[in-house]
Amino acid sequence: MILEMHDICKDYPMGKTVTRVLKNVNLTVNEGDYLAIMGPSGSGKTTLMNIIGCLDVPTSGSYSLGGRDITACSAKELATVRNKEIGFVFQSFHLLPKLTALENVALPLLYGGMKKAQRLELARQALETVGLADRIDHRPDQLSGGQCQRVAIARAIVGKPKLLLADEPTGALDSASGAQVMELFQQLHEDSGATIIMITHDAGIARHAQMTRTIRDGILSGGVEV
Amino acid sequence: MLENVSLALQGVWSHKLRSFLTMLGIIIGIAAIITIVSTIKGTNEQIKQNLIGQGTNVVTVQLTQDGYEYDMSWSDPPQGVTPLTEERRSELEKLDGVEEVSLYYQRQWSDNVYYGNTNFSGSVYGVDSHYFSVNDYTVNYGRGFIDSDFTQHRKVALVDSNTARSLFTGENPVGCTIEMQGEPFTVVGVVSKNGGSGPVINSLQDYWMYAGNGSNSIFIPGETWSVIYRYDEPQKVAVRAKSTDAMTYAGDNVAKAINETNVTSDKVKYQADDLLKQASDLQNLTSSANSQLIWIAAISLVVGGIGVMNIMLVSVTERTREIGLKIAIGAQQSRIRWQFLTEAAVLTSLGGLLGVGCGIGLAYMLSHVMGTPVAISGSACLIAVVFSMVIGIVFGLAPAVKASKLNPIEALRHE
Ligand SMILES: Nc1ncnc2c1ncn2[C@@H]1O[C@H](COP(=O)(O)OP(=O)(O)O)[C@@H](O)[C@H]1O
Ligand SMILES: [Mg+2]
């Protein structure tokens with residue numbers, strides 16, 4: 001078991017009242033799982049993903065990742081967890097515009113304290129894995145949306161994290177590049193046994209995953225094996 | 001760290017105009033300070049050189065009573081003071097900071113000294129064989145004193161070039177006879193002080209410092225002094241120090257040593273003329289006037305610092321998404337803080353460097369136009385650059401902390 005969540009709740013203050021966005025979410029993910037989380041817009045998918053990705057903390061509940069109690073971690077420890085154990089792919093890529101593809105991919109390794117030569121070598125390998133070996137010196141504005149997202153995926157996997165998270169990774173892409181990206185996740189799952197949690201509201205996309213869970217109004221329903 | 005600096009430099013370069021405008025306050029402040037400091041230092045060095053006489057490093061040690069020179073023209077030699085011997089003189093030369101010592105007698109305002117019917121007005125000295133070397137005189141015409149002049153108590157005299165002009169108008173003084181206290185003395189030579197350039201007179205103080213100094217002097221052998229004045233007179237001591245900075249120290253050493261062996265009186269004591277102290281008093285006077293200006297310049301630095309803070313805050317806002325992403329992929333808060341601190345420090349250090357450059361240029365321009373002396377102080381320049389860096393760190397702190405505390409989720413959503 002790589003990830004275990006119990007009774008996770010998340011409240012957001014709304015004026016004088018609070019809104020509960022996540023309601024007693026329970027989730028376990030095993031090593032090598034490929035899980036899709038589906039749900040309509042505003043159902044709390046991103047909120048859940050941010051908590052899984054240690055970008056946000058739950059209001060209550062327990063969360064352990066790779067045996068570590070995340071709710072007890074300091075900000076510094078959380079940064080290390082994000083750096084070493086989680087790879088995050090965002091809907092809108094979030095590449096740094098002034099850096100080349102290679103430099104973007106190597107960035108997490110810099111924060112891990114790795115030497116430059118090794119950083120660049122691993123980044124190059126990761127770009128090769130996502131099929132962009134010939135684009136390493138391009139800046140984001142010289143790449144298509146699909147290529148940008150693949151650079152972002154390379155950045156997410158370069159540090160060989162335990163867990164790969166993707167929040168609507170195809171949301172900003174046309175269907176052709178979307179399909180390419182989904183293929184890439186499939187390949188990462190099959191070839192290197194990566195553990196993947198992907199958010200989508202597209203059932204067609206969710207079909208790629210091994211299993212699917214649905215979230216509605218902050219309530220995560222039981223799993224469906226595909 | 002080096003990577004951070006080079007990234008920061010790239011950042012500065014990619015916003016050239018904005019960076020320059022941000023640095024302007026620092027540039028102006030540092031330039032003003034460097035200009036002021038260079039001018040103060042230049043003035044101080046000029047004062048020091050003027051007062052002390054370039055390179056001579058001679059300090060006079062003489063008898064004083066109640067802080068004033070004990071003047072043998074008006075009073076008898078004081079009780080409880082023994083004249084110094086040649087052995088004592090050579091012992092004094094071994095003291096710390098002392099290079100050479102001369103014992104001599106002096107009448108500041110001579111009376112009864114005539115050449116023909118012309119009355120000489122100036123100083124009369126009874127000197128030893130070290131006097132001219134200590135005070136850096138050379139013989140221009142005729143000869144200097146030789147050993148037999150001293151040992152045989154010869155009535156011979158040397159005149160300085162001023163006296164040669166004023167007392168012997170046009171005549172060659174060598175071979176002439178002057179009358180001192182009724183005794184005839186034969187002039188054997190003309191001497192003058194080395195170092196060529198006369199003192200630069202800038203102020204009334206300067207004038208008083210130099211009035212009567214070195215001008216119109218007649219020298220006779222010290223051994224002959226008793227022929228015209230008293231035989232038991234205690235000497236004055238001219239001490240050539242090893243360096244200008246050692247003058248005070250050497251003078252004090254000699255005065256203390258003499259007081260221990262040759263003075264039993266409580267009232268009169270040997271004391272060193274503290275030219276260095278007089279110089280530094282004068283320096284303090286000019287410096288304190290100028291250092292007020294430094295405070296005004298410092299205000300400009302604070303204003304510059306606030307400008308830097310402002311632009312750094314703008315930069316943090318502009319780069320919110322970048323910061324959010326970095327935090328999301330695991331950058332520690334401390335790293336984000338350092339990134340912005342480095343940027344601010346690089347920006348202000350660069351401003352400091354430019355300011356130092358402008359300041360040096362301005363100081364020389366000022367000296368060209370207004371004739372103020374200039375001396376560039378390396379340490380002041382270094383301090384200025386380091387200080388600008390500190391300004392960057394101080395005023396960059398708030399923006400850097402703000403950046404490091406950003407919530408990554410909100411930061412990534414930022415447009
Ligand atoms: N920072 C926040 N403050 C207040 N409400 C929020 C905040 N973030 C999300 N929400 C609310 O939480 C709910 C779930 O949002 P989100 O997790 O982004 O949904 P999804 O990703 O499924 O579209 C929405 O109703 C949204 O308005
Ligand atoms: Mg969402």
Side-chain angles (χ1 to χ4, degrees), chain A residues 10 12 21 46-57 73-99 103-116 119 140 151-159 161 165 167, chain B residues 1-19 311-312 314-343 346-347 397 400-415:
Chain A
K10 180 69 183 178
Y12 280 120
V21 177
T46 296
T47 306
L48 176 60
M49 199 59 135
N50 287 341
I51 291 173
I52 295 173
C54 300
L55 287 170
D56 205 352
V57 286
C73 282
S74 67
K76 208 171 160 180
E77 288 166 333
L78 287 181
T80 308
V81 169
R82 288 196 296 272
N83 185 242
K84 301 260 193 240
E85 312 199 345
I86 293 170
F88 218 123
V89 179
F90 304 92
Q91 181 174 349
S92 45
F93 328 140
H94 291 313
L95 299 177
L96 297 190
K98 282 181 191 157
L99 302 188
E103 290 164 339
N104 264 295
V105 173
L107 206 55
L109 301 179
L110 168 70
Y111 302 145
M114 195 180 281
K115 287 242 158 47
K116 188 167 186 178
R119 257 168 20 219
V151 172
I153 292 168
R155 182 181 62 196
I157 61 170
V158 72
L165 306 178
D167 187 352
Chain B
M1 189 68 214
L2 225 67
E3 228 173 315
N4 264 345
V5 171
S6 86
L7 276 177
L9 279 171
Q10 278 169 29
V12 169
W13 190 245
S14 65
H15 294 110
K16 281 183 278 290
L17 182 63
R18 174 162 126 183
S19 303
I311 217 70
M312 289 312 293
V314 169
S315 171
V316 169
T317 307
E318 277 177 357
R319 286 152 63 183
T320 299
R321 264 157 63 102
E322 172 192 327
I323 298 162
L325 184 270
K326 285 180 173 176
I327 294 175
I329 63 173
Q332 295 288 353
Q333 290 188 349
S334 57
R335 179 181 284 273
I336 304 288
R337 247 186 342 256
W338 268 114
Q339 182 196 336
F340 282 91
L341 276 183
T342 309
E343 254 185 65
V346 163
L347 195 65
L397 201 60
V401 167
K402 184 186 168 193
S404 72
K405 291 260 158 73
L406 284 178
N407 175 335
I409 299 168
E410 281 163 24
L412 282 172
R413 253 202 311 257
H414 190 269
E415 275 315 305

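Keep in mind that the numbers below use all heavy atoms, side chains included, and drop hydrogens, waters and symmetry copies. The sequence lines fix the lettering, A, B, ..., with proteins before strands; numbering per chain opens at 1.
For B:I329, the parts lying near chain A are the backbone and the side chain together; criterion is any non-hydrogen pair under 4.5 Å. Of the atoms belonging to A:N50, it is side-chain heavy atoms, and not backbone ones, that fall under 4.5 Å from chain B. At a 4.5 Å heavy-atom cutoff, the contact between B:L325 and chain A is made by side-chain atoms alone. Heavy-atom distances place both the backbone and the side chain of A:L55 under 4.5 Å from chain B. There is no contact between A:L78 and chain B, counting heavy-atom distances below 4.5 Å.
When all heavy atoms of A:F88 and A:M49 are compared, the closest pair comes out as CZ-CG, 3.8 Å. Heavy-atom minimum distance, A:C54 versus A:R82: O-NH1, 2.9 Å. Taking all atoms of both residues into account, the shortest heavy-atom contact from A:L99 to A:P140 is O-CD, 3.2 Å.
With respect to chain B, the highest number of heavy-atom pairs below 4.5 Å among A:K84, A:R155, A:K98 belongs to A:R155. Top candidate by heavy-atom pairs under 4.5 Å with chain A, chosen from B:R335, B:Q333, B:Q10, is B:R335.
At a threshold of 4.5 Å between non-hydrogen side-chain atoms, the residues B:I336 and B:F340 count as touching. Within the 4.5 Å cutoff, the side chain of B:L7 has no heavy atoms near those of the B:Q339 side chain.
Under 3.5 Å, the side chains of A:T80 and A:E85 contain no donor-acceptor pair of N or O atoms.
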